[in-house]
Structures are given as C-alpha cells and as structure tokens.
**Student:** 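Please see the structure below; I have some questions.
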Amino acid sequence: MIAFAIAVLTVLCGVIIYNVVKNDSPQEILTPEFPAIVVEEPEIDPVQYNNERFDECIDNIVASIVYTSGFSQTTHPTGERFAYGFNNTVIGKRLVKEGESITPKEAYGVTVRHLKEHVRPFLRYVKAELSDGQIIAIAHFIYNVGGEAFSGYSEDGKRLKKPSRLLTAINEYELPDICARYFTGFRSLGGMRSEGLLKLRWLQAALFADAVSVEDLRNAYGAGIFDLHLSTLYEQCRPENDGYYTPKLDDETVQKVLRQKGNGTLTGTLMKF
C-alpha cells in the first residue's frame with residue numbers, strides 16, 4: 001500500500017513539474033538598446049585650412065598672375081618701379097633694376113617665393129573658409145596691392161589701419177557676388193583711376209565668384225583681358241553710390257574675356273619651362 005502511494009505521488013509530481021516548465025518556458029532575452037555613439041570629426045580651423053589649400057593652389061595662383069601679366073624677359077617700367085618676368089618688381093628685399101633680365105623658370109621661382117613669404121602670412125586675417133578659387137583670387141589681389149592694404153596689418157602683425165572692405169565682407173560671410181564688388185576699391189595709380197587695374201580687379205572678382213576657373217585661364221592667351229573696354233566688364237563705367245563697381249559675371253562676358261588674343265601665347269604655354 002505504501003509502495004502504491006509513493007508511485008502515485010511520483011506521477012503527480014512529474015505532471016506538475018512538466019506543466020510548470022511548459023508554461024514558464026525561457027523567454028527571449030532582449031539586449032538593451034543604447035544610442036549609437038557618433039564620433040564627430042574635429043572642426044578644421046579656417047585659417048589652418050586656407051593655409052593648407054594655399055600650398056596646394058600655388059601653381060594655379062602663379063597661372064592667374066601669368067595670365068594677367070604675360071612674360072617679359074627684360075625690365076619695363078611699371079609705375080615708379082621696374083618689372084620683369086611675371087610682373088615681378090621685387091627680388092627678396094631688392095627692387096628690380098633697369099636693364100636686368102630673367103628666364104621664365106627663374107621668374108616662376110621668384111613668384112612662388114614671394115607668394116609664400118609675403119602673401120600667405122596675410123591669410124591669417126581671413127576667418128572664413130575659402131574655396132580654391134577664392135584663395136587664388138585673394139592671393140593674386142595681395143600680390144598686386146600688398147597685404148597691408150588688404151588686412152590693415154604689417155607683415156609682423158602691427159596694426160596700421162582698418163582692414164579693407166573686401167576682408168570685412170569675407171569675414172562677415174557675405175555672398176561671393178557681393179564680396180566680388182569690393183575688389184574694385186583698389187583702382188588708383190598715382191592718385192588717378194586706372195582702367196588697367198579695374199580690368200585686373202574684374203578678373204580677381206570673377207575668380208572669387210567662381211565665374212572663371214584657372215583652367216579657363218591656362219587655355220586663354222596671356223594678358224588678353226586688357227583689350228576690353230570697361231563697359232564690357234562692369235554694369236557701368238563709374239562707381240556706384242557706395243563707391244564700388246559691379247562686375248558683369250555672366251557667361252557671355254566671361255567668354256568675351258577668354259577669347260581675347262592678348263599677346264598671342266597661351267598662359268599654359270608660358271608656364272612650360
């Protein structure tokens with residue numbers, strides 16, 4: 001009798017355990033979700049970026065200078081100075097003297113050194129990140145008018161005057177077409193308006209606004225822009241109410257510039273040494 005009771009109890013326990021296990025089967029373990037970790041790239045300082053891109057653009061900066069100057073083996077007067085090569089007026093700290101001569105390869109080296117030593121330092125005053133075309137335009141501009149006029153500072157960092165309206169507009173993130181107008185604030189030679197300088201400013205404005213590329217200039221004749229009248233390049237031939245000119249940057253005007261015969265030698269050919 002006792003054996004029979006034990007057998008019955010064993011069967012009942014087995015059924016209970018089965019039902020418990022059946023009704024409480026292991027559930028799927030959910031892995032807790034955590035927000036994805038986003039690794040932000042460190043922001044590049046605009047001054048550092050512009051300086052790095054300047055080095056990459058150096059050959060194109062020279063190309064823009066060559067396009068507007070052509071090449072002169074011997075000296076010629078330019079304002080109160082003499083120039084040769086790619087409108088080089090200074091060798092190191094020494095002014096070019098009358099009767100000197102230079103080869104294209106030497107002129108290229110002189111221009112590159114001048115850009116690195118006397119143009120690039122002034123990029124530290126530009127607080128906005130520039131495109132390559134804008135770097136080329138600003139470098140060409142400083143090469144022509146000097147970093148002091150652009151920034152208001154000397155090369156050693158001494159404050160001389162207010163920064164140019166061009167630099168202020170760039171640092172205030174004004175649109176490229178608006179900034180382009182302010183290149184024309186530098187148009188005087190010997191106290192008089194220079195049409196040649198206004199034509200040069202048009203090109204710098206066009207490079208800044210990406211209306212013209214350096215590849216366009218390499219495939220165009222050197223110094224060709226100077227054959228055109230101001231009425232072709234600007235909305236009007238006199239300054240507007242704010243004292244600046246508005247350059248025409250439409251495709252028709254750009255093509256008129258690029259088709260000029262200039263000195264009859266392609267910019268790209270002038271740079272083959």
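Model, not experiment: these values are computed from the prediction. Scope of the values below: all heavy atoms of this structure, side chains included, with no hydrogens, waters or symmetry mates.
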**Student:** Please round to the nearest 0.5 Å and tell me the distance separating atom CD1 of Ile58 and atom CG of Leu115.
**Tutor:**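 One gets 4.5 Å once the value is rounded to the nearest 0.5 Å.
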**Student:** Looking only at heavy atoms, what is the nearest atom pair of Leu167 and Ser151, with distance?
**Tutor:**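 Result for this residue pair: CD2-CA, 3.7 Å.
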**Student:** For Asn88 and Tyr108, test the side chains for any donor-to-acceptor distance below 3.5 angstrom and give the result as yes or no.
**Tutor:** no
**Student:** Take Val214 and Asp59 through the side-chain contact (heavy atoms from CB on, under 4.5 Å) test and state the conclusion after the steps.
**Tutor:** CA-CA 10 Å; Val214 174; Asp59 194 64; over 6 Å; no
**Student:** Measuring from Arg81:CZ to Asn87:CG, what's the distance to the nearest 0.5 Å?
**Tutor:**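 That separation rounds to 10.5 Å.
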**Student:** Checking Arg124 side chain against Pro121 main chain: does a donor-acceptor pair fall under 3.5 Å?
**Tutor:** yes
**Student:** Within the structure provided, determine whether Tyr84 and Thr75 are in side-chain contact (heavy-atom separation under 4.5 Å).
**Tutor:**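 Result yes, sub-4.5 Å side-chain heavy-atom pair found.
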**Student:** Rounded to the nearest 0.5 Å, what separation is found between the CZ atom of Arg165 and the CG atom of Asp242?
**Tutor:**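 If we round to the nearest 0.5 Å, Arg165:CZ and Asp242:CG are 9.0 Å apart.
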**Student:** Quick check: do Thr103 and Phe71 have side-chain heavy atoms less than 4.5 Å from each other?
**Tutor:**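 Sidechains of Phe71 and Thr103: no contact.
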**Student:** Counting only heavy atoms not in Gln255, do more than 12 fall under 6.0 Å of its CD?
**Tutor:**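 Correct, the count exceeds 12.
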**Student:** State, to 0.1 Å, how close Pro46 and Ala128 come at their nearest heavy-atom pair, and which atoms those are.
**Tutor:**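 For Pro46 versus Ala128, the nearest heavy atoms are CB-C, 3.9 Å.
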**Student:** Are any non-hydrogen side-chain atoms of Ile102 and Val96 less than 4.5 angstrom apart?
**Tutor:**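 Not in contact.
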**Student:** So, the side chain of Tyr234 versus the backbone of Leu198: is there a donor-acceptor pair under 3.5 Å, distance only?
**Tutor:**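 The answer is yes, because a donor-acceptor pair under 3.5 Å joins these two groups.
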**Student:** Check whether Thr111 reaches the backbone of Ala107 with its side chain - one donor and one acceptor, N or O, closer than 3.5 Å.
**Tutor:**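 Flag set: sc Thr111 to bb Ala107 pair under 3.5 Å.
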**Student:** Just by modelled atom types, is the Ala220 backbone N or O under 3.5 Å from a matching donor or acceptor in the Thr267 side chain?
**Tutor:**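 Yes; judged by distance alone, with no hydrogens or angles, the pair exists.
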**Student:** Would you call Leu266 and Asn219 a side-chain contact if the rule is heavy atoms closer than 4.5 Å?
**Tutor:**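 When only atoms from C-beta onward are counted, Asn219 and Leu266 do not touch, as no gap falls below 4.5 Å.
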**Student:** Indicate yes or no: at least one non-hydrogen side-chain atom of Asp132 is less than 4.5 angstrom from one of Asn60.
**Tutor:** no
**Student:** Is a side-chain donor or acceptor of Arg201 paired with a backbone partner of Phe186 at a separation under 3.5 angstrom?
**Tutor:** yes
**Student:** Please give me the minimum heavy-atom distance between Lys127 and Asn171, naming the atom from each residue.
**Tutor:**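 Heavy atoms of Lys127 and Asn171 come nearest at N-OD1, 2.7 Å.
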**Student:** Quick one: CD on Glu117 to CD on Glu155, what's the gap to the nearest 0.5 Å?
**Tutor:** 9.0 Å
**Student:** First locate atom NZ of Lys248, then atom CD of Gln236, and finally report the distance between them rounded to the nearest 0.5 Å.
**Tutor:**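 Spacing of NZ (Lys248) from CD (Gln236) equals 10.5 Å.
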**Student:** Go through the steps for Ile135 and Glu56 under the test side-chain contact (heavy atoms from CB on, under 4.5 Å), then give the verdict.
**Tutor:** CA-CA 10 Å; Ile135 290 172; Glu56 297 297 322; over 6 Å; no
**Student:** Are Thr168 and Tyr182 packed together at the side-chain level, in the sense that at least one heavy-atom pair is separated by less than 4.5 angstrom?
**Tutor:** no
**Student:** Of the non-hydrogen atoms in Trp202 and Pro247, which two are nearest, and what is the gap between them?
**Tutor:**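 That would be CD1-CB, 3.7 Å.
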**Student:** Any chance the rings of Phe141 and Phe208 have centres within less than 6.0 Å?
**Tutor:** no
**Student:** Are Val112 and Val90 linked, directly or through intermediate hydrophobic residues, by side-chain heavy-atom contacts shorter than 4.5 Å (ILVMFWY only)?
**Tutor:** no
**Student:** Spell out, yes or no, whether Tyr173 and Ile138 are grouped together once hydrophobic residues are joined by side-chain heavy atoms under 4.5 Å, including indirect joins.
**Tutor:** no
**Student:** Tell me whether the count of non-hydrogen atoms from other residues, nucleotides or ligands lying under 6.0 Å of CG in Asn241 goes above 12.
**Tutor:**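 For Asn241, atom CG is not crowded (no more than 12 foreign heavy atoms under 6.0 Å).
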**Student:** Is it true that Leu200 and Met192 fall in one hydrophobic cluster, defined by side-chain heavy atoms closer than 4.5 Å?
**Tutor:** no
**Student:** ring-ring contact (aromatic ring centres under 6.0 Å, His included), that's the test. Do Phe150 and Phe122 meet it? Break it down for me.
**Tutor:** CA-CA 8 Å; Phe150 172 66; Phe122 291 99; 7.9 Å; no
**Student:** Show your reasoning for whether side-chain contact (heavy atoms from CB on, under 4.5 Å) applies to Leu95 and Phe82.
**Tutor:** CA-CA 8 Å; Leu95 292 177; Phe82 286 94; over 6 Å; no
**Student:** Donor-acceptor pair, distance only, cut-off 3.5 Å: does the side chain of Thr265 make one with the backbone of Leu270?
**Tutor:** no
**Student:** Of the non-hydrogen atoms in Ile136 and Ser64, which two are nearest, and what is the gap between them?
**Tutor:**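 Result for this residue pair: CG2-OG, 3.8 Å.
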**Student:** Give a yes or no answer on whether the side chain of Asn51 reaches the backbone of Val47 with a donor-acceptor pair at less than 3.5 Å.
**Tutor:** yes
**Student:** Using the rule that two of Ile, Leu, Val, Met, Phe, Trp, Tyr join whenever any of their side-chain heavy atoms come within less than 4.5 Å, decide whether Leu123 and Tyr153 are in one cluster.
**Tutor:** yes
**Student:** Check the pair Asn50 / Gln134 against side-chain contact (heavy atoms from CB on, under 4.5 Å), numbers first and verdict last.
**Tutor:** CA-CA 10 Å; Asn50 294 338; Gln134 291 168 348; over 6 Å; no
**Student:** Do you reckon Leu258 sits in the same ILVMFWY cluster as Leu207, going by side-chain contacts under 4.5 Å, direct or chained?
**Tutor:** yes
**Student:** Just by distance, do the side chain of Lys199 and the backbone of Ile225 share a donor-acceptor pair under 3.5 Å?
**Tutor:**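 No, the answer is negative, given that no donor and acceptor are paired below the 3.5 Å cut-off.
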**Student:** May I ask you to decide whether Glu174 forms a salt bridge with Arg181, counting only side-chain N to carboxylate O separations under 4.0 Å?
**Tutor:**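 No salt bridge links Glu174 with Arg181.
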**Student:** Within a reach of under 6.0 Å around CZ of Arg238, are more than 12 heavy atoms found that belong to other residues, nucleotides or ligands?
**Tutor:**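 No - once you tally the heavy atoms of other residues, nucleotides and ligands closer than 6.0 Å, there are 12 at most.
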**Student:** If we ignore hydrogens and angles and just use 3.5 Å, is the side chain of Thr184 paired with the main-chain N or O of Tyr245 as donor and acceptor?
**Tutor:**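 A pair under 3.5 Å: yes.
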**Student:** Report the distance from atom CG of Leu203 to atom CG of Leu217, rounding to the nearest 0.5 Å.
**Tutor:**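 Between Leu203 CG and Leu217 CG, I get 5.5 Å after rounding to 0.5 Å.
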**Student:** Quick one: are Ile61 and Val119 in side-chain contact, heavy atoms under 4.5 Å?
**Tutor:**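 No, every pair of side-chain atoms sits at 4.5 Å or beyond.
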**Student:** Using atom types as modelled and distance alone, determine if a side-chain donor or acceptor of Ser213 lies under 3.5 Å from a backbone N or O of Asp216.
**Tutor:** yes
**Student:** Less than 4.5 Å apart, any side-chain heavy atom of Thr68 and any of Gln204?
**Tutor:** no
**Student:** Which heavy atom of Glu148 sits nearest to which heavy atom of Lys161, and what is that distance?
**Tutor:**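 For Glu148 and Lys161, the tightest heavy-atom pair comes out as O-CE, 3.7 Å.
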